[in-house]
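Worksheet for the structure shown next.
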Amino acid sequence: MQTLERSGGGMSERRRVRLRLEISREAARLFWEQGVAATSGDQIAEAVGLSTRTIWRHFRSKESCAEPIVLQAVVNLLTVLRSWPRQSSLEEHLAVELDRFRHEAPPVDLADEMLAMRMIRLADTEPALRTAWLMACDQAERAMRLIIADRLDRPADDLEVRMHAEAAAAVVRVLDEHIGATVLTGADLAELTGATAVARRYAHAIRTATGGVVGDPVA
């Protein structure tokens with residue numbers, strides 16, 4: 001078994017990220033079950049099996065514990081977009097990659113996705129959680145700049161690239177919020193059944209938001 005590397009006697013980055021995600025899972029579960037106000041740092045620490053002091057070494061507040069799990073709502077899509085071949089349309093690439101993403105080993109953690117949806121839902125009424133969600137969306141917009149800059153053969157700080165990235169990230173945020181709310185309320189999700197349907201929905205939204213500039217294959 002491969003051991004985690006340590007740097008300067010401290011915790012490795014991989015282990016730190018993994019621990020933060022585990023803390024985030026338990027915090028999100030408690031926030032959803034009993035509310036943010038009723039959840040304490042001590043309760044989060046007990047749920048993870050750590051000291052409260054350790055929790056505060058990794059997070060600045062109890063609400064910020066939700067940030068890693070919230071980030072999961074955008075990281076999977078961005079992972080797919082970063083591998084978008086220039087010769088493929090957005091619909092084609094998303095359909096293939098989202099299907100593969102669901103069946104790879106190990107598969108995407110659906111429990112984490114559900115927790116992320118719940119935190120995004122809570123963010124409607126919890127300003128601190130809204131901050132975590134908007135921070136994740138800001139990371140998505142910055143990643144979109146690099147993806148779109150490559151498609152348009154322009155610098156990432158080009159004004160048009162930035163505007164298209166902002167528009168694309170905004171529609172992804174709105175769709176994520178819409179899908180999460182739909183799932184959690186038990187509404188009909190027929191329009192998003194299967195990788196092809198999800199790909200078509202996201203691709204159409206990005207095309208519309210960018211005026212058709214982003215979505216086609218490029219030479």
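Numbering starts at 1 and runs along the sequence shown.
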Item checked: Side chain Arg20, main chain Phe59, donor-acceptor under 3.5 Å -> no

Check this for me: does any side-chain nitrogen of one of Glu160 and Arg145 sit under 4.0 Å from a carboxylate oxygen of the other? no

Would you list the atom pairs, donor with acceptor, under 3.5 Å between side chains in residues 208-219 and any protein atom, with sequence neighbours excluded?
residue	atom	partner	partner atom	Å
Thr208	OG1	His204	O	2.8
Thr210	OG1	Ile206	O	2.8
Thr210	OG1	Arg207	O	3.4
Thr210	OG1	Val214	N	3.2
Asp216	OD1	Arg207	NH1	2.7
Asp216	OD1	Arg207	NH2	3.0

Path from Leu152 to Val171 over hydrophobic side-chain contacts below 4.5 Å:
yes

- Item | Audit row: Glu126, Arg130, salt bridge (charged side-chain N to carboxylate O under 4.0 Å, His left out) steps and yes/no | CA-CA 6 Å; Glu126 294 285 349; Arg130 189 68 180 172; over 6 Å; no

query = Salt bridge or not for Arg29 and Glu33, using N-O below 4.0 Å?
reply = yes

query = Do Gln34 and Gln43 get their side chains close enough for a donor-acceptor pair, meaning under 3.5 Å?
reply = yes

message = When you compare the side chain of Thr131 with that of Glu67, does any pair of heavy atoms fall below 4.5 Å?
response = no

Could you tell me whether Arg118 and Glu113 make a salt bridge, using a distance below 4.0 angstrom between a side-chain N and a carboxylate O? no

Margin query: I'd like to know if the side chain of Ser88 reaches the main chain of Trp84, judged simply by a donor and an acceptor atom lying under 3.5 Å from each other, with no hydrogens or angles considered.
Written below: no

Going only through I, L, V, M, F, W and Y residues with side-chain contacts under 4.5 Å, is there a path from Leu81 to Leu146? no

Within a radius of less than 6.0 Å around CZ of Arg53, do more than 12 heavy atoms belonging to other residues, nucleotides or ligands occur?
no

So, His93 side chain and Val80 main chain: donor-acceptor pair closer than 3.5 Å or not?
yes

Within the 4.5 Å heavy-atom criterion, are Lys62 and Val36 side-chain neighbours or not? yes

Can we say Asp158 and Arg162 salt-bridge, meaning some charged N sits less than 4.0 Å from an Asp/Glu carboxylate O? no

(message) Using a 6.0 Å cut-off, check whether atom CD of Glu22 has over 12 heavy atoms from anything other than its own residue.
(response) yes

CD1 of Ile55 to CD1 of Ile23, rounded to nearest 0.5 Å, is 4.0 Å

